[in-house]
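Here's the structure we're looking at; comments come further down.
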Amino acid sequence: MNFSGLYAATLTPFNLDETINHDDLASLVKFNCESGLDGLYVGGSTAEAFLCSTEERIQTLELTAEAATADMTLIAHVGDISTKKSEILARAAGAMPYQAISAVTPFYYPVAFNELKKHYSDVIQAAGKPMIVYNFPAFAGMNLSGEQINELLNIDGVVALKQTSANLYQMEQVTRQNPEKTIFNGFDEILASGLVAGANGGIGSTYNIQAQRMIDIQAAIFTNNAQQATALQREANVLIDALVGTGVIPGLKYVLKQKGIIQNEHCRRPLNVVTDEHKATLNALIEAGVC
Ligand code: HMN
């Protein structure tokens, strides 16, 4: 199966008491399924996965798969710092209608590269589904070299990489050296540049509120319209700058609530609520039709 394309990294809506709001989750999934995107990346950091219990993460995967339409490609993020927990999540996702799994590299404890490879192999075996490995040097505490990324891509069952890095030279090298794999751009801020460097898809949190713009950026790059792609990326980044100022996840939930897609904007503590000042910035962008 070819996994290339654009995927929204989904959010988990919570009630004020921090329990999962099922109606909001279903509504957000439906909204994303009608957005023209190719699929959903479910249960990643955008979904506040590391603030949820394993049971809640499995429940989120279940609820999303139930609400999604059959035309969407579904990727379940099952990453955790513990291989055992990742295996539990992978086994659960393996029994659901997900086409692939993905896992962030284990963080906090220093992990040797051979341990990392074994971690990925064990998780792949538990799911029995293709794996999208994840390079995120800024937060994962691991700065993989190009050679190490190539080695991960050669593990049995690995079909793709989510490259959340601003290193576009490495993006070009990895895409050139692995033409048969899907390489996803992970920073929405550089989707146009990542695609020029050879990425054949993107996974992003802000696709939840600017799907059409991301689709248009991809179309502009694929039709050699660099000027158009730059203009669209600049529009996207005005919004992303505001979200980064707010806190990306609380900011996205605030916008989705203002637009009536979800009714509850709460996050899991310690994530912030949006301040009045940031609300005003986001309201102005909504009024201007930016999102
Ligand atoms: C996830 O696991 O949900 C992803 O990491 C989603 C995605 O790649 C986001 N990355 C991070 O949050 C680190 C981006 O969409 C990101 O939110 C965006 O580029 C704004 O910085």
Side-chain angles (χ1 to χ4, degrees), residues 5-49 51-52 60 63-69 71-72 74 187-189 191 202-219 231-269 271-291:
L6 299 175
Y7 295 67
T10 57
L11 295 140
T12 309
F14 292 107
N15 298 307
L16 187 57
D17 66 1
E18 300 191 27
T19 52
I20 297 171
N21 187 299
H22 295 204
D23 291 344
D24 276 354
L25 182 59
S27 164
L28 180 56
V29 171
K30 289 214 166 70
F31 175 71
N32 275 319
C33 290
E34 287 161 9
S35 64
L37 294 170
D38 299 291
L40 302 176
Y41 186 86
V42 186
S45 59
T46 305
E48 298 170 67
L51 302 174
C52 291
T60 303
L63 292 168
T64 304
E66 273 165 26
T69 49
D71 56 328
M72 297 297 273
L74 299 181
F187 272 136
D188 312 3
E189 299 83 324
L191 176 63
I203 295 170
S205 63
T206 69
Y207 298 21
N208 283 282
I209 60 169
Q210 55 174 347
Q212 191 55 51
R213 189 173 289 122
M214 301 324 242
I215 293 167
D216 292 345
I217 288 175
Q218 180 176 253
L232 289 164
Q233 185 72 68
R234 286 201 164 129
E235 275 179 32
N237 289 1
V238 168
L239 178 56
I240 295 172
D241 286 350
L243 290 166
V244 169
T246 314
V248 174
I249 298 169
L252 287 169
K253 286 184 170 177
Y254 178 76
V255 171
L256 287 162
K257 185 181 176 193
Q258 291 302 100
K259 294 176 81 72
I261 314 300
I262 60 175
Q263 307 303 315
N264 299 274
E265 79 280 32
H266 314 292
C267 294
R268 272 266 156 106
R269 287 172 299 160
L271 294 189
N272 281 328
V273 290
V274 180
T275 61
D276 286 344
E277 189 195 334
H278 285 131
K279 280 182 185 168
T281 308
L282 293 173
N283 287 341
L285 291 172
I286 295 169
E287 267 161 44
V290 175
C291 59

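Along the sequence shown, the residues carry numbers beginning at 1.
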**Q.** Validation row: L252, L243 side chains within 4.5 angstrom (heavy atoms)
**A.** yes
Q. Quick one: OG1 on T60 to CG on L11, what's the gap to the nearest 0.5 Å?
A. 11.5 Å
Q. Is any side-chain heavy atom of L25 less than 4.5 Å from a side-chain heavy atom of I262?
A. no
Q) If you take all heavy atoms of I20 and N15, which pair is closest and at what distance? A) O-ND2, 3.6 Å
Q: State which residue, out of I203, L28, T64, fulfils the side chain to side chain contact (heavy atoms under 4.5 Å, CB included) condition with L40.
A: T64
Q) Can you check whether R213 reaches L239 side chain to side chain, under 4.5 Å on heavy atoms? A) yes
**Q.** Nearest heavy-atom neighbours spanning A65 and L74
**A.** CA-CD1, 4.0 Å
Q: Kindly give the heavy-atom pair with the smallest separation between A49 and G43, and that separation in Å.
A: CB-O, 3.2 Å
Q: Identify the two heavy atoms, one from E48 and one from I249, that lie closest to each other, and give their separation to 0.1 Å.
A: OE2-CG2, 3.5 Å
(Q) I'd like to know if the side chain of K253 and the backbone of T12 have a donor-acceptor N/O pair within less than 3.5 Å. (A) yes
Q: Would you check if Q218 and L6 make a side-chain contact, meaning some heavy-atom pair closer than 4.5 Å?
A: yes
Q. Shortest non-hydrogen contact from C52 to F14?
A. SG-CZ, 3.8 Å
(Q) Any side-chain to backbone donor/acceptor pair from Q233 onto D188? Under 3.5 Å, distance only. (A) yes
(Q) Could you check whether any side-chain N or O of N264 sits under 3.5 Å from a backbone N or O of H266, counting only pairs where one atom can act as donor and the other as acceptor? (A) no
Q: Report the distance from atom CG of L51 to atom OG of S45, rounding to the nearest 0.5 Å.
A: 10.0 Å
Q.
Quick check: closest heavy atoms across D24 and P13, and the distance to 0.1 Å?
A. CB-CB, 3.4 Å
(Q) Strictly distance-based, threshold 3.5 Å: is any side-chain N or O of N208 a donor or acceptor partner for the main-chain N or O of S205? (A) yes
Q.
Please check this pair: side chain of S27 against backbone of I261, looking for a donor-acceptor N/O pair closer than 3.5 Å.
A. yes
(Q) Is it the case that the side chains of N283 and Y254 hold a donor-acceptor pair, with the cut-off being a distance below 3.5 Å and no angle test? (A) yes
Q. In Å, rounded to the nearest 0.5 Å, how long is the span from CG of D71 to CD of E34?
A. 10.0 Å
(Q) With rounding to the nearest 0.5 angstrom, report the CD to CG distance, E18 to L271. (A) 9.5 Å
Q. Run the salt bridge (Lys or Arg N to Asp or Glu O under 4.0 Å) check on E265 and K279 step by step: do they pass?
A. CA-CA 12 Å; E265 79 280 32; K279 280 182 185 168; 5.2 Å; no
Q.
Main chain of G245, side chain of H278: is a donor-acceptor contact present, judged purely on distance under 3.5 Å?
A. yes
Q.
Q210 and side chain to side chain contact (heavy atoms under 4.5 Å, CB included): which single residue from V255, V290, I215, I240 fits?
A. I240
Q: State whether the side chain of T246 and the backbone N or O of A242 hold a donor-acceptor pair below 3.5 Å, judged by distance alone.
A: yes
**Q.** pair L191-M214: side-chain heavy atoms closer than 4.5 Å
**A.** yes
